[in-house]
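Structure first, commentary second.
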Amino acid sequence: MIRPVVVLLLLVAGCSWFSDDKGIFVDKSDDYLQATQNPPLQIPPTLNAGPIEDPFPIPEITDRLRPEYYPGQPPRPDTIYANDNRDEVRIQRLGERRWLVVPEPPTTVWPKVKQFLAENGVGLAWESPSQGRLDTDWLQVDAAQSYRDVIRGVIRDGKTAEQLDDGQDRLRIRVEPGLRERTTEVHLRYENSEFAPPSPPEIGDLANVASHSATIEQEALTELGAYIAARVAQQTVSMVAQDIGDEVKSSIDIDAHGDPVLRLRLDRERAWATLGQALARAEIDVLEANEQAGRFLITLPENLDVESEPGFFRRLFTLGGPDMRDLRLQLQPTDGGFVVSALDANGNALEREFGQQVLVLIREYAS
């Protein structure tokens, strides 16, 4: 009589075993929701016979935000938007601010910056790999002397043009994550000892430090960018600089209500300019831009599930393509920067999947 009782208990109390991950029959239909990417293989130093390149590289997998948004279907990958500048080393400018954008992670850019300085015979007075910061030695550059290295030549020409004959010179550099994953920004400042007392090297943030010569800053960034773009430096990874790449300056996140937002770790001036630049690059029609309110009103098609290139949305609009929607992009302050929300024209939340697609589009064209 014991066996029938046990079977009955199994039938009554164990029905859920047929539909969970702990019973006799394991349900794996939703395991993809928790799928993660494995770390890259580590080659032991004793087996290192030179650089190893994967002949069939797998593209980076971006984390899907809240895949539970899409019940009954696997979440589709983010749409690929063509951006002709994403693989170029370039200088970006906002007002009097300039910085170098490199399509490589900080761990590979850091050793290239140091190699650039070393090959030009410029020593380092202070460096902090964890902050991505370094200051060069003070250089005695004579405007009347000829120099073979690029850095002293740039400083000499700049001092001659601006009639700066006295003082010593140095460069202060910061390497930090860019707006997108696997990108880097290099900020550079030029200082002359005659203009102001030397700033302590412990000041890691160069945002509030202005160069004593915008011309020398511009030319030094140009030479550094050309050096990196020419692939002169060997493709090496700095282990001591791994802490530089903790957080990129933009990421797709969720707010307290579970709606997607674009998080920008930037100051307000640059966050607003980044949004405007992204819309201009994608050639999206802007109906209104209100900087004081932090609001853009734009027009986009209902369906964004297409591979597109700049001007695609405008052509859809002018050629009578799919239905268009008026949307609002709202910029709001938050801890450590700003967030961008994609809303309908009345300021209400969009469908979460569509809202996320809009924000992904903005992020792709932002850098």
Side-chain angles (χ1 to χ4, degrees), residues 59-67 69-70 75-88 92 101 103 178-183 248-255 258-266 270-290 294-319 321-332 337-345 347-367:
E60 289 292 320
I61 300 175
T62 58
D63 293 334
R64 288 296 297 173
L65 179 65
R66 284 290 179 90
Y69 286 173
Y70 325 111
R76 294 184 293 274
D78 290 334
T79 304
I80 299 175
Y81 301 99
N83 190 340
D84 295 335
N85 295 326
R86 70 167 57 213
D87 294 327
E88 299 177 357
Q92 288 192 334
V101 178
L179 276 171
R180 296 180 61 254
E181 295 177 355
R182 300 182 64 80
T183 63
V248 293
K249 287 187 170 67
S250 69
S251 60
I252 303 295
D253 204 347
I254 57 174
D255 62 15
D259 295 317
V261 293
L262 173 60
R263 190 172 299 277
L264 299 176
R265 297 170 182 86
L266 306 169
R270 188 175 170 191
W272 176 259
T274 296
L275 277 180
Q277 184 181 58
L279 296 173
R281 283 178 174 172
E283 298 186 19
I284 296 174
D285 284 328
V286 176
L287 306 178
E288 177 189 341
N290 189 328
R295 181 178 66 242
F296 279 100
L297 295 182
I298 63 175
T299 298
L300 279 178
E302 291 275 3
N303 182 18
L304 297 180
D305 286 332
V306 290
E307 293 189 5
S308 60
E309 56 187 14
F312 173 82
F313 304 108
R314 182 164 297 174
R315 289 195 299 273
L316 280 181
F317 183 76
T318 56
L319 296 178
D323 293 337
M324 308 295 288
R325 294 182 66 174
D326 292 345
L327 306 177
R328 176 188 299 183
L329 298 178
Q330 187 66 51
L331 183 68
Q332 295 177 313
F338 289 80
V339 293
V340 182
S341 301
L343 310 170
D344 66 16
N348 301 315
L350 295 172
E351 303 85 1
R352 287 171 173 171
E353 183 176 4
F354 181 70
Q356 181 174 324
Q357 290 175 339
V358 172
L359 296 176
V360 168
L361 183 154
I362 298 300
R363 187 192 182 202
E364 285 299 303
Y365 281 104
S367 60

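Residues: numbered from 1 along the sequence shown.
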Look up atom [atom1] in [X] and atom [atom2] in [Y], then write down how far apart they are to the nearest 0.5 Å.
{"X": "Ser250", "Y": "Arg265", "atom1": "OG", "atom2": "CZ", "value": "8.0 Å"}
{"X": "Leu179", "Y": "Glu364", "atom1": "CG", "atom2": "CD", "value": "11.0 Å"}
{"X": "Asn290", "Y": "Phe296", "atom1": "CG", "atom2": "CZ", "value": "9.5 Å"}
{"X": "Leu264", "Y": "Arg363", "atom1": "CG", "atom2": "CZ", "value": "9.5 Å"}
{"X": "Asp259", "Y": "Leu350", "atom1": "CG", "atom2": "CG", "value": "9.0 Å"}
{"X": "Leu329", "Y": "Leu300", "atom1": "CG", "atom2": "CG", "value": "8.0 Å"}

Just so I know, are the side chains of [X] and [Y] near enough to count as touching, which here means a heavy-atom distance under 4.5 Å?
{"X": "Val339", "Y": "Asp253", "answer": "no"}
{"X": "Leu297", "Y": "Leu327", "answer": "no"}
{"X": "Ile362", "Y": "Leu275", "answer": "yes"}
{"X": "Arg180", "Y": "Val248", "answer": "no"}
{"X": "Gln356", "Y": "Val360", "answer": "yes"}

Study note, to complete from the structure: For Gln332, the side chain to side chain donor-acceptor pair (under 3.5 Å) test, sequence neighbours excluded, returns none
Revision key, fill the gap. Applying side chain to side chain donor-acceptor pair (under 3.5 Å) to Thr274 and not counting sequence neighbours gives none
Which heavy atom in [X] sits nearest to a heavy atom in [Y], and how many Å separate them?
{"X": "Phe338", "Y": "Ala271", "answer": "CD1-CB, 4.3 Å"}
{"X": "Leu361", "Y": "Ile284", "answer": "CD2-CD1, 3.5 Å"}
{"X": "Asp344", "Y": "Arg328", "answer": "O-CB, 3.6 Å"}
{"X": "Val261", "Y": "Ser341", "answer": "CG1-OG, 3.7 Å"}
{"X": "Gly355", "Y": "Ala342", "answer": "O-CB, 4.1 Å"}

Check your understanding: Given the rule in the side-chain contact (heavy atoms from CB on, under 4.5 Å) test, do Asp285 and Met324 qualify, once you have shown the distances and angles that lead to the verdict?
Key -> CA-CA 11 Å; Asp285 284 328; Met324 308 295 288; over 6 Å; no
Exercise for review: Let me see the working for Leu262 and Ile252 under side-chain contact (heavy atoms from CB on, under 4.5 Å), right down to the final yes or no.
Suggested key: CA-CA 5 Å; Leu262 173 60; Ile252 303 295; 3.8 Å; yes
Review point. Considering residues at least two apart in sequence or located in another chain, which fulfil the salt bridge (Lys or Arg N to Asp or Glu O under 4.0 Å) criterion with Arg295?
Key: Glu288
